[in-house]
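Here's the structure, in structure tokens; my notes come after.
Source: prediction; values computed, not measured.
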Amino acid sequence: MTMKQTAHAQNVVSSFKARLSPEQVASVGEAHFDELSLLIESAISTAVLEEMEKAADKVESLAHGLRHFAEHFDN
């Protein structure tokens, strides 16, 4: 995970905790909030990797198209 993803996950958890009463926060416990933060980081990472794969596929397709165009340009 990048530091940005970790920080964003922690911000999401902090925002969620702010919506709970102190009793609810105490009842859930820090260990569970830490688990929630890890789940959020994982979700962010998965989403980023999926988008990077889509971008890589587009670049690969474009490169293939350019190669095909260059090979047939003189014909």
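Panel note: side chain Ser61, backbone Asp57; no donor-acceptor pair is recorded below 3.5 Å.
Its side chain within the 4.5 Å cluster rule, Leu66 clusters with Leu62 among the Ile, Leu, Val, Met, Phe, Trp and Tyr residues.
Between His72 and His68, the ring planes lie tilted relative to each other; the angle falls in the 30° to 60° range.
Remark: of the listed residues Val13, Thr6, Asn11, Val13 is the sole one forming a side-chain contact (heavy atoms from CB on, under 4.5 Å) with Ile40.
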Given side-chain hydrogen bond (donor to acceptor under 3.5 Å, both in side chains), test Ser45 with Gln5 step by step and report yes or no. CA-CA 7 Å; Ser45 181; Gln5 291 169 337; 4.7 Å; no
Can you give the donor-acceptor pairs under 3.5 Å from side chains of residues 49-56 to other protein atoms, not counting sequence neighbours?
from  : atom 1 : to    : atom 2 : distance (Å)
Glu51 : OE2    : Lys54 : NZ     : 3.2

Can you give the donor-acceptor pairs under 3.5 Å from side chains of residues 15-28 to other protein atoms, not counting sequence neighbours?
from  : atom 1 : to    : atom 2 : distance (Å)
Lys17 : NZ     : Glu30 : OE1    : 3.4
Lys17 : NZ     : Glu30 : OE2    : 2.7
Ser21 : OG     : Glu23 : OE1    : 3.3
Ser21 : OG     : Gln24 : N      : 3.1
Ser21 : OG     : Gln24 : OE1    : 3.4
Gln24 : OE1    : Ser21 : N      : 2.8

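Interatomic distance, CG of Leu38 versus CD of Gln10, reported as 9.5 Å (0.5 Å rounding).
Smallest separation of non-hydrogen atoms from Ala9 and Ser37: CB-O, 3.5 Å.
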